[in-house]
There are 2 protein chains.
Amino acid sequence: MLDYQFKKGELYSFITGKASIAIARRLQKKFNAHGLNLTIEQWSVLYHLWKEDGKSQQELCNATFRDKPSITRLVDNLERSGLVKRVPSENDKRINKIHLTEHALLLHEQTMLLAEETLKEALEGVPAEQIDLCKEVLQKVYDNLTL
Amino acid sequence: MLDYQFKKGELYSFITGKASIAIARRLQKKFNAHGLNLTIEQWSVLYHLWKEDGKSQQELCNATFRDKPSITRLVDNLERSGLVKRVPSENDKRINKIHLTEHALLLHEQTMLLAEETLKEALEGVPAEQIDLCKEVLQKVYDNLTL
DNA sequence: AGCATATGGTTGTTTATGCAACTATTTAAA
DNA sequence: TTTAAATAGTTGCATAAACAACCATATGCT
């Protein structure tokens, strides 16, 4: 049993994830500044399709920690923006395979550079070993709550 | 200049704040399970009012890292639920002082216990010094992006 | 005093989330 | 084989976020 005590403001910011909110906002601003008409949430879906195109919506749910309705609507919006296309699976008529368009492929490199740039700004002055430890703790937290 | 390299999935989860999303979801489930008709976002506003009642909406913006429209609507919903009351300031007619109701005072202890319980579950098996370091890193990230 | 500017708050619009209820297809079991 | 249960996806509803435009009050400057 853990008896670690958070101070007042810390508990709040640990629960609300102040830091990651700031990171996402910064990245979104970069997207906007570069005229990319793309939300962070939409980018997070593309992110997984760039790794492997043609994932099903259910696979995107698992990859992005979102529920099915959320993915349905994100794919709706991505399709409306001409970034992906739903392709019904041959084997299983229930499944939609989500495929990237040419336009989405063009966004890959640029947005990844902006994401890396954002993280560099975020982690400026933090030693690599502390980043590693922090990642470990956050992964452990995630595992504790989901496994 | 930092040349730390994230691995594929790590970059994504660092930006999206996987861990804090999981914490907030767990806490929300606890609220629901206890029949508390309260969102985490609403709780986060009450949290700052429990520390100091009668804050203005602008002060709540600063405390919760939200913009003015977000606070307007959160206060709308809290008022509709009978948890807070807007009281126009005497000195400055532009300002609304937000005051807790009796009902909101009753929620304080219970919800804080649930929040602490959630963090205990989240941080199970993580040594205290690692938690401290992780907090420091996240604070540094926040400062890097907002100062 | 009078006007420009800053500050506090609200409203409209678009996008996203969580939950429950629903349809369609597939798989498993009686 | 027919029926029940699981799986994939969609829709409706309530809540929330970001941004821009807006109104009202206060402050500062000339």
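Chain naming here is simple, since letters A, B, ... match the order of the sequence lines and numbering starts at 1 in each.
For DNA chain D, none of the residues of residues 19-31 of chain B falls under the heavy-atom distance limit of 4.0 Å. Listed in residue order, the members of residues 60-70 of chain A having a heavy atom less than 4.0 Å from DNA chain C are A:Arg66, A:Asp67, A:Pro69, A:Ser70. Within residues 79-104 of chain B, the residues having any heavy atom closer than 4.0 Å to DNA chain C are, in order of number, B:Arg86, B:Arg94, B:Ile95, B:Asn96.
Residue contacts for A:Asp76: at a heavy-atom cut-off of 4.0 Å it reaches no nucleic acid atom on any strand shown. Within 4.0 Å (heavy atoms only), A:Leu74 reaches sugar-phosphate atoms of the nucleic acid but no base atom.
For the salt bridge (Lys or Arg N to Asp or Glu O under 4.0 Å) test, no residue two or more places apart in sequence or in another chain qualifies with B:Glu136. In this structure B:Glu117 satisfies the salt bridge (Lys or Arg N to Asp or Glu O under 4.0 Å) test together with B:Lys30, sequence neighbours excluded. Scored by the salt bridge (Lys or Arg N to Asp or Glu O under 4.0 Å) test, B:Arg26 finds B:Glu121 as partners (sequence neighbours excluded). Under the salt bridge (Lys or Arg N to Asp or Glu O under 4.0 Å) criterion, A:Asp53 pairs with no residue at all, not counting sequence neighbours. In this structure, the side-chain hydrogen bond (donor to acceptor under 3.5 Å, both in side chains) partners of A:Arg86, at least two apart in sequence or on a different chain, are A:Gln57, A:Asp76, A:Glu79. For A:Gln28, the side-chain hydrogen bond (donor to acceptor under 3.5 Å, both in side chains) test picks out A:Asn32, with sequence neighbours left out.
With a heavy-atom cut-off of 4.0 Å to chain B, the contacted part of DNA chain D has its first and last nucleotide at D:dT15 to D:dA26.
Between B:Ser56 and A:Ile40, the residue anchored closer to the 5' end of DNA chain C is B:Ser56, taking for each the nucleotide with the nearest heavy atom.
Applying the side chain to side chain donor-acceptor pair (under 3.5 Å) test to every pair with at least one member in residues 101-115 of chain A, sequence neighbours left out, gives these pairs: A:Trp43-A:Thr111.
A:Leu133 belongs to a hydrophobic cluster with B:Leu133, counting contacts under 4.5 Å between side-chain heavy atoms of Ile, Leu, Val, Met, Phe, Trp and Tyr, direct or through other members.
Computed from coordinates, the A:Glu41 CD to C:dG18 P distance equals 11 Å when rounded to whole Å. Counting to the nearest Å, the C1' atom of C:dT13 and the CG atom of A:Asn77 are 14 Å from each other. For A:Asn37 and C:dT14, the CG to P distance is 13 Å, given to the nearest whole Å.
Under the 4.5 Å side-chain contact rule for hydrophobic residues, A:Val84 and A:Val87 do not share a cluster. In terms of hydrophobic clustering, with Ile, Leu, Val, Met, Phe, Trp and Tyr side chains grouped at heavy-atom distances under 4.5 Å, B:Leu100 and B:Leu106 are assigned to different clusters.
The shortest distance between side-chain heavy atoms of A:Leu114 and A:Leu36 falls below 4.5 Å.
Crowding of B:Lys135 atom NZ: a count of heavy atoms from other residues, nucleotides or ligands under 6.0 Å exceeding 12.
OP1 or OP2 of C:dT11 has not a single side-chain nitrogen or oxygen of B:Thr72 nearer than 4.0 Å.
Salt-bridge formation is not detected for the pair B:Lys140/B:Asp143: no Lys NZ or Arg NE/NH1/NH2 atom is positioned less than 4.0 Å from an Asp or Glu carboxylate oxygen.
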